[in-house]
Amino acid sequence: MTQDHTTGPDAAPEDPAPWRPSRTVAVVLAGGTGTRLGLGIPKQLLKIAGKPIIEHTLAVFEAAPEIDEIVVLMATGHVADAQQIVDKAGFRKVTKVIEGGDTRNATTRIALDAVGEGDCNILFHDAVRPLVSGRIVRECVNALWTYSAVDVAIPSADTIVQVDEDDCITDIPVRSSLRRGQTPQAFRSGTIREAYRLAEDDPHFAATDDCGVVLRYLPGTPIKVIDGSDENIKVTHPVDVHLADKLFQLAAAQAPRVTDERSYTEELTGRTIVVFGGSYGIGHDLAELARRYGAQVFPFSRSSTGTHVERAEEVEAALKTAFEATGRIDHVVVTAGVLEKGALAEMDQETMDRVLQINFVGPVIVARQSLPYLQQTKGQLLLYTSSSYTRGRADYALYSSTKAALVNLTQALSDEWAEFGVRVNCVNPERTATPMRTKAFGEEPEHTLLAAETVAQASLDVLISDLTGQVIDVRRAPGEVPAQPGPARVERDASPADAG
């Protein structure tokens, strides 16, 4: 992170009076037409990771506690499309969705008029930078307490060359002093308004960057630069679509932790949770924790109840049992799985069928059978992947590929089921001390494994959160030593379909 110079007597020239903004407004600039992508729609309406790009972007500012209001400047002819996205997603901070101008300069002027008079912080952000982080937003707003203009940039990993009209090099600037600009760009409202007022008198005025306007027309104004991120890419070219989609796939959400046990009790008392694969390991510990907080839990597995997740009639019967007992199903959890090591070419057909059926077909069947129940309660389906989903590994070809498939299933179903109010998430624990792992790898050093109860606790956090379509990483805390599964639990692993 760039060293913070926002405090101290020499940080910036003193203002006549302390800055006291009335609010902080994020202006999302969505005027692009998608010409370079060769699309028939504006690029900000293109879907990546199951949602329009602009929806991902707006969600960041909606969730940022530093932002009070959001104004959207949309491409001509597509205001209604943007408004529909805002309404469907329920973004409460969006106060205006209006048409932008023909140029970036014109759009900024329209935005300033929309924000209105009065002292406030204004952040301008490209709608097609959907991977901007909450950290960047926070640091921009914090810097405005000291500086009246703030930019976001990252160091250039490439040498930058300056060329003439014949594409011949005229200069090679020192790379250490160069940065690649990103957004948001943040301003005290009076500063950006004054810069544009002065620019109006310049017949040659043209800018693609609001900090550039301040730099040119208010040359004595320091512009603070804070660190951006490599992930904060701008979706401009076809390859950017694929990169952004992959970055969303690999990005792991953090489940909000509930520190007050009373909150768990309030959220879970009276709820019905069905756990497939709940006889031991993560599923067992999750069931025990949920019961402790007042939930009615129904664990099903091959070894304890004779329930095979790959058999639709048995899944249907399990769900019916829970529903008839309680009159509702709020959450369905699928920890059932099997890990079979071995080269694909040497694996027999029976083993291949078992891995594919239990690890992928089973969760698909559970998802289909669970939807009618979860629609009634606006509940959640929770699946489990593993770190191998990001890259297939030798001797785990089928296991890795089925875990990757579950991530895709999670993201697809969260989009499909959004209209029903049903959430779908996927937990990605690092190597965990479970009977399934012990059977596959034997005894391992305790300090290298995550405790199954830790994963179970994180799973509860996900169940009571508002997350959907997310892959939630669960990592071992420094110094954590998990309890190794006892002999009784290892013995139950003789039936691999029960893996938690």
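What you see below is based on every heavy atom in this structure, not just the backbone, and it leaves out hydrogens, waters and symmetry mates.
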So do [Y] and [X] actually touch side chain to side chain, heavy atoms under 4.5 Å?
X: Thr146; Y: Trp19; value: no
X: Glu194; Y: Leu218; value: yes
X: Asp210; Y: Tyr196; value: yes
X: Ile472; Y: Asn428; value: no
X: Tyr264; Y: Ile464; value: yes
X: Asn121; Y: Val25; value: no
X: Val152; Y: Cys140; value: yes

Practice problem: List the atom of Leu112, the atom of Phe124, and the distance in Å for their closest heavy-atom pair. | Solution: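 The pair with the smallest heavy-atom distance is CD2-CZ, 4.1 Å.
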Exercise for the section: Compare every heavy atom of Thr183 with every heavy atom of Val132, then report the nearest pair and how far apart it is. Expected result: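 Val132 and Thr183 have their closest heavy atoms at CG2-O, 4.4 Å.
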Next item on the list: Report, as yes or no, whether the 6.0 Å neighbourhood of atom CG on Asp202 holds more than 12 heavy atoms from other residues, nucleotides or ligands.
Entry: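 More than 12 within 6.0 Å, yes.
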#### Entry: Heavy-atom neighbours of Arg216 CZ exceed 12 at 6.0 Å
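Yes, the 6.0 Å shell around CZ holds more than 12 heavy atoms from other groups.
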Ring centers of Tyr217, Phe205 separated by less than 6.0 Å:
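Centroid distance Tyr217-Phe205: below 6.0 Å, so yes.
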Solution key, residues 266-273 side-chain donor-acceptor pairs under 3.5 Å, sequence neighbours excluded:
residue : atom : partner : partner atom : Å
Thr269  : OG1  : Thr265  : O            : 2.6
Thr269  : OG1  : Tyr293  : O            : 3.3
Thr272  : OG1  : Thr326  : OG1          : 2.8
Thr272  : OG1  : Arg328  : O            : 3.2

Report task. Compute whether any side-chain donor of one residue and acceptor of the other, for Gln411 and Asp415, lie under 3.5 angstrom apart. Result ->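 No - no donor-acceptor pair under 3.5 Å links their side chains.
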Side chain to side chain donor-acceptor pair (under 3.5 Å) partners of residues 151-167, not counting sequence neighbours, each pair once: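 As it turns out, the side chain to side chain donor-acceptor pair (under 3.5 Å) pairs with a partner in residues 151-167, which skip direct neighbours, are Asp151-Gln185.
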Query raised in the report: Roughly how far apart are Ile53 CD1 and Arg129 CZ, rounded to 0.5 Å?
Result: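 It comes to 12.0 Å.
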Checklist line | Qualifying residues under side-chain hydrogen bond (donor to acceptor under 3.5 Å, both in side chains), relative to Glu200, sequence neighbours excluded | finding: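 Partners of Glu200 under the side-chain hydrogen bond (donor to acceptor under 3.5 Å, both in side chains) test: none.
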